[in-house]
Amino acid sequence: MSVGGSTVVVVTRPTAIARATGGHGYGSGGVPLARPELALVKPTAAEGTEAGSAGSGFAEAEFAELEFAEAEFAELEFAVIDLETTGWSPGVAAITEIAAVRVRGGRRQGEFASLVNPGVPVPQGIEDLTGISDWMLASAPRLPAVLPGLLEFADGCVLVAHNAPFDVGFLRAACSECGLAWPRFTVLDTVMLARQLMDPDEVPDCKLGTLAGFFRARTAPSHRALADARATADVLGWLIRRLTHHGIQTLDQLRAWPDVLTSSTT
């Protein structure tokens, strides 16, 4: 996704763009774009598309938790999120980048990504890890200009993250900071799911990079939000395949596994 000028681009479907004012963007290498430039993110031919899926109603309707629980995985939409931050605790650190990938039936329906000006310097260790610098963030939008778009993008989805308590903790704190209500999300943690499904002989740990390498994810995680969200989405797809082989086809059947699935309310 390429974002520029005074626009943050939210791609909710391969054919639709919603805009939130106040943002700025960057091209390759973190160079600020000289003029507004919109590049629609579309799945590749290998990833596939679902031309008729926009009318599925998942983005428009608020699903009760019971309906989520009883729906089969192929019928659900997942918003796979990832954040980059200035540190490890919401109380003392701030968000520098937000991304999400919306997936249904293993196919990417759209993507959301934006840098976020945290209002504080990025520690050198974090810059070394992520490549995100104060210079890159200087003209990025502040959190109140970005967060509503993310919540709208994820509306009607099961929220997914790798080590979900980290990302959800920051997002809940961000909503509180911005005066926004935290939506009622069903949250799936791919770390905890992988720990239930992966054999120790297959992988030495359940880190995102390890799982992405094992499953040959199309995108390698790189401590950048969109790349990591894409990698997590691919890992999720393979984990769901394993679930179906075990005869598990709904979220309700996952509730017996500790910390895999949680209900996140205000």
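Here the structure is a predicted model, which is why all the values come from computation and not from measurement.
- With salt bridges taken as basic N to acidic carboxylate O contacts below 4.0 Å, none links Glu75 and Arg104.
- When the side chains of ILVMFWY residues are joined at heavy-atom separations under 4.5 Å, either directly or via intervening members, Ile81 and Trp88 end up in a single hydrophobic cluster.
- Between the side chain of Asp189 and the backbone N or O of Asn163 there is at least one donor-acceptor pair closer than 3.5 Å.
- Salt-bridge annotation for Arg108 and Asp234: present, with a side-chain N of the basic residue lying under 4.0 Å from a carboxylate O of the acidic one.
- Of the candidates Val187, Leu188, Leu193, Asp252, Leu188 is the only one forming a side chain to side chain contact (heavy atoms under 4.5 Å, CB included) with Leu261.
- Nearest heavy atom pair, residue Trp182 against residue Val168, reads CZ2-CG1, 4.0 Å.
- Put simply, the residue from Val122, Thr86, Ile132 that forms a side chain to side chain contact (heavy atoms under 4.5 Å, CB included) with Glu127 is Val122.
- Nearest approach of Ala233 to Val80, heavy atoms of both residues: N-CG1, 3.8 Å.
- In this structure, Thr219 and Ala227 approach most closely via the heavy-atom pair CG2-O, 3.6 Å.
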Apply side chain to side chain contact (heavy atoms under 4.5 Å, CB included) to Arg224 and Leu115, showing your working. CA-CA 10 Å; Arg224 290 299 302 269; Leu115 290 169; 3.8 Å; yes
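- Few gaps surround CH2 on Trp257; more than 12 heavy atoms of other groups in view lie less than 6.0 Å from it.
- The aromatic rings of Phe215 and Trp238 lie parallel to each other, with less than 30° between the two planes, well short of the 60° mark.
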Chi angles and distances behind the side chain to side chain contact (heavy atoms under 4.5 Å, CB included) call for Thr250, Phe73: CA-CA 6 Å; Thr250 69; Phe73 295 126; 5.6 Å; no
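- No donor-acceptor pair closer than 3.5 Å links the side chain of Asp228 to the backbone N or O of Pro221.
- Taking a cutoff of 4.0 Å between a charged side-chain nitrogen and a carboxylate oxygen, Glu202 and Arg242 qualify as a salt bridge.
- For Arg241, there are no side-chain hydrogen bond (donor to acceptor under 3.5 Å, both in side chains) partners two or more places apart in sequence or in a different chain.
- Between the side chains of Thr190 and His162, at least one donor N or O sits under 3.5 Å from an acceptor N or O.
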